[in-house]
K.L.:
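The following block contains the structure, expressed as structure tokens.
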Amino acid sequence: VSDRDSIPLVLFGASGLLGGEVIRLLEFHPALVLHAAATREGGALAASHPHLATLRAVAGTFAAAEAAVLRLAREGRRVAIAYALPHGESAPRWKALREALAEHASRVYVADLAADYRLADVAAHRRVYGAEHADAAGLEEFVYGLPELGREPLREARRVAVAGCFATAMQLAVLPAARRGLLDPSRPIALAGVTGSSGSGAKPLPGTHHPHRAGNLYAYSLTGHRHEAELEQSLSRHGAAHGAIHFVPHSGPFVRGIHLTAFLPLAAESQGEAAREAYAADYAAEPFVEVLESGLPDLRRVAGSNRVCLTAAPRGSLLTVCLTLDNVVKGGAGQALQCLNLMLGCDEAAGLPRCGLGVNG
Ligand SMILES: NC(=O)c1ccc[n+]([C@@H]2O[C@H](COP(=O)([O-])OP(=O)(O)OC[C@H]3O[C@@H](n4cnc5c(N)ncnc54)[C@H](OP(=O)(O)O)[C@@H]3O)[C@@H](O)[C@H]2O)c1
């Protein structure tokens, strides 16, 4: 693409795991081009991402990246921003930048990969994240980013709150049956998910780094996980009656991927086949979601790709849905690009691999 046709992307949190994945995926994108990459300290990104062989960029500061956004927007260019920062960091930064942009803010397309703008209700945000929202006035501009469950609003949007990784898996596993009224609201929706170590970001913590995780498997957050609120919000938006949500996440001894099992209570045993068909119908035309006709979803099929594999199997009054996706791609950086593609009028699949790596760490 020529400079005129390209769309510059400014990345905040470029040294992180998702930041690196955004840069990797941009390599294959026909229009979006990495224009500036920011970390708190600046410095050579190759140190954080030695696998990005073509990366020459030296990261700048957040202030330099914000200045670049202001300059480009004031010149009349469309600009994309990706915030790949810890929760709570993007909202105050975007609020200040939006105010500085003033009337030029409409040329800026923002993808927040953190949870700052995912819950539209400030009371829900306070309950789940334990703090007042830093940019309550900015919330209403954000569209929730999970294209398979709401593509049209993204085509008109300038801001997207990219769905969480477990939250993406849960919603894709539950919504087809739930929004058709096939679930029994008097019984709980039970879900168990196993995530790889990349879900915890680039910096090792005592409970999440290699010696603790390798060859190990353990549950956490037994009293509730934040991503349950995204499923709750989505069920409510689709008018789906449902029982209590019980999600138990686990840490698995691999790097990329989520394996989710949903145990969905059917309203009637006779609806098993209708429920199974709901998944095939909803995802038949989806470029990235595949209902398997044979075999079962595993991580090998999805690691490194934006693909989701699932299977739905009725048995008595229970529908079991198994689903796999790569948390770094479809659960994060890939989904952000998929949303930006829709927002910018690009091909939705631009830059996004459907093929997995075939192996996983
Ligand atoms: N990992 C996943 O599978 C996944 C999936 C979906 C969504 N997410 C969400 O995406 C966001 C990024 O995740 P990640 O896994 O890429 O995390 P990460 O590897 O820990 O990267 C975080 C980035 O933010 C920067 N940073 C850290 N503390 C900061 C602070 N106080 N202020 C400003 N910048 C700070 C870090 O850079 P420096 O420390 O070098 O400054 C780094 O570039 C998180 O909100 C996460 O919840 C992650």
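In listed order, ligands and their atoms are each counted from 1.
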K.L.:
If you measure every N or O of S15 against every N or O of ligand 1, does any of those distances drop under 3.5 Å?
P.N.:
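Yes; at least one N/O pair falls below 3.5 Å.
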
K.L.:
For atom 46 (C) of ligand 1, is the nearest protein heavy atom closer than 4.0 Å?
P.N.:
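For atom 46 (C) of ligand 1 the answer is no, since every protein heavy atom stays at 4.0 Å or beyond.
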
K.L.:
Are the aromatic rings of H227 and F247 close, with centres under 6.0 Å apart?
P.N.:
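So the answer is no for these two rings.
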
K.L.:
Counting heavy atoms only, which of D112, T39, L113 comes nearest to atom 7 (C) of ligand 1?
P.N.:
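Result: the heavy atom closest to atom 7 (C) of ligand 1 is in L113.
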
K.L.:
Do R93 and D116 meet the salt-bridge criterion of a basic N to acidic O distance under 4.0 Å?
P.N.:
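Salt bridge: no.
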
K.L.:
Taking 4.0 angstrom as the limit and counting only heavy atoms of K203, give me the atoms of ligand 1 inside it, by number and element.
P.N.:
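With K203 as reference, the close atoms of ligand 1 come out as 39 (O).
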
K.L.:
Measure from atom 34 (N) of ligand 1 to the protein's non-hydrogen atoms and state whether any distance is below 4.0 Å.
P.N.:
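It does: a protein heavy atom is found less than 4.0 Å away from atom 34 (N) of ligand 1.
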
K.L.:
Quick one: does ligand 1 sit under 4.0 Å from the side chain of A202, the backbone, both or neither, non-hydrogen atoms only?
P.N.:
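For A202, the contact with ligand 1 is made by both the backbone and the side chain.
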
K.L.:
If we only count N/O pairs under 3.5 Å, is A115 in contact with ligand 1?
P.N.:
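No: no nitrogen or oxygen of A115 is under 3.5 Å from one in ligand 1.
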
K.L.:
What I want to find out is whether E27 reaches R24 closely enough, with some N-O distance under 4.0 Å, to be called a salt bridge.
P.N.:
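No, no charged N to carboxylate O under 4.0 Å.
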
K.L.:
Which bit of H87 gets closer than 4.0 Å to ligand 1, counting heavy atoms only: side chain, backbone, both or neither?
P.N.:
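Within the 4.0 Å criterion, H87 contacts ligand 1 through backbone atoms alone.
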
K.L.:
Verify the ring-centre separation between H87 and H125: is it less than 6.0 angstrom?
P.N.:
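Yes: the rings meet the under 6.0 Å criterion.
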
K.L.:
Surrounding CD of E41 (heavy atoms of other residues, nucleotides or ligands, distance under 6.0 Å), is the total greater than 12?
P.N.:
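No, because the 6.0 Å sphere around CD of E41 holds 12 heavy atoms or fewer from other groups.
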
K.L.:
Are any of the N or O atoms of F62 closer than 3.5 Å to those of ligand 1?
P.N.:
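By distance alone, the answer is no.
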
K.L.:
So does E75 pair up with R107, basic N to acidic O under 4.0 Å?
P.N.:
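No, no charged N to carboxylate O under 4.0 Å.
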
K.L.:
In terms of relative ring orientation, are H133 and Y117 parallel, tilted or perpendicular, with 30° and 60° separating the classes?
P.N.:
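Judged by the thresholds at 30° and 60°, the geometry between H133 and Y117 is tilted.
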
K.L.:
For G199, take its heavy atoms, then give the atoms of ligand 1 lying under 4.0 Å from any of them.
P.N.:
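Per the distance check, 1 (N), 2 (C), 3 (O).
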
K.L.:
Ignoring hydrogens and geometry, is there a side-chain-to-backbone donor-acceptor pair from D184 to P265 under 3.5 Å?
P.N.:
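Absent.
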
K.L.:
Checking the N or O distance criterion of under 3.5 Å, is ligand 1 in contact with G332?
P.N.:
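In fact, backbone or side chain, G332 has no N or O that close.
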
K.L.:
At a 4.0 Å threshold, what atoms of ligand 1 neighbour a non-hydrogen atom of A84?
P.N.:
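So the atoms of ligand 1 that pass are 12 (C), 22 (C), 23 (C), 24 (O).
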
K.L.:
Among all protein heavy atoms, pick the one closest to atom 4 (C) of ligand 1 and tell me residue, atom and distance.
P.N.:
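Ranked first by proximity to atom 4 (C) of ligand 1 is L18 CD1, 3.6 Å.
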
K.L.:
Cation-pi check, R354 to F288: give yes when NZ or CZ is under 6.0 Å from the six-membered ring centre and within 45° of the ring axis, no otherwise.
P.N.:
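Yes; both conditions hold, so R354 lies above the ring face of F288.
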
K.L.:
Is any side-chain N of the basic residue among E89 and R40 closer than 4.0 Å to the acidic one's carboxylate O?
P.N.:
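No, no charged N to carboxylate O under 4.0 Å.
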
K.L.:
Ignoring angles and geometry beyond distance, decide whether R118 reaches within less than 3.5 Å of ligand 1 through its nitrogen or oxygen atoms.
P.N.:
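Such a contact does not occur with ligand 1.
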
K.L.:
Below 3.5 angstrom, do we get any N/O pair linking C165 and ligand 1?
P.N.:
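Looking only at distances, the answer is no, because the N/O contact criterion of under 3.5 Å is not met.
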
K.L.:
I'd like to know if R307 and E290 make a salt bridge, using a cut-off of under 4.0 Å between side-chain N and carboxylate O.
P.N.:
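Looking at E290 together with R307, the answer is yes, because their closest N to O distance falls below 4.0 Å.
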
K.L.:
Would you mind telling me if ligand 1 is within reach of the side chain of S48, the backbone, both or neither, using heavy atoms under 4.0 Å?
P.N.:
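Neither part.
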
K.L.:
Side chain or backbone, does S200 bring an N or O within less than 3.5 Å of an N or O on ligand 1?
P.N.:
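For ligand 1, there is no N or O atom that lies under 3.5 Å from one belonging to S200.
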
K.L.:
Any N or O of A114 that comes nearer than 3.5 Å to an N or O of ligand 1?
P.N.:
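In fact, backbone or side chain, A114 has no N or O that close.
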
K.L.:
Any idea which atoms of ligand 1 are less than 4.0 Å away from a heavy-atom of S198?
P.N.:
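This gives 1 (N), 2 (C), 3 (O) as the contact atoms.
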
K.L.:
Might you point out which heavy atoms bring G19 and L11 nearest each other, and give the distance in Å?
P.N.:
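Looking at all heavy atoms of both residues, the shortest contact is O-CD2, 3.5 Å.
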
K.L.:
Which atoms from ligand 1 have a heavy atom of G13 less than 4.0 Å away?
P.N.:
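The atoms of ligand 1 under 4.0 Å from a heavy atom of G13 are 43 (O).
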
K.L.:
Below the 3.5 angstrom mark, is there an N/O of E41, backbone or side chain, next to an N/O of ligand 1?
P.N.:
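N/O-N/O distance below 3.5 Å does not exist for this pair.
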
K.L.:
Is it the case that ligand 1 has an N or O less than 3.5 angstrom from some N or O of L17?
P.N.:
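N/O-N/O distance under 3.5 Å: yes.
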
K.L.:
What's the separation between atom OH in Y220 and atom OG1 in T195, rounded to the nearest 0.5 Å?
P.N.:
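Y220 OH to T195 OG1: 6.0 Å, rounded to 0.5 Å.
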
K.L.:
Note the single closest protein heavy atom to atom 6 (C) of ligand 1, along with its residue, its atom name and the distance in Å.
P.N.:
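Among all protein heavy atoms, the one nearest atom 6 (C) of ligand 1 is G331 O, 3.0 Å.
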
K.L.:
With atom 28 (N) of ligand 1 as the reference point, say which of E89, H227, R40 has the nearest heavy atom.
P.N.:
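Considering heavy atoms of E89, H227, R40, the nearest to atom 28 (N) of ligand 1 sits in R40.
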
K.L.:
What's the separation between atom CE in M170 and atom CG in L260, rounded to the nearest 0.5 Å?
P.N.:
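The CE atom of M170 sits 7.0 Å away from the CG atom of L260.
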
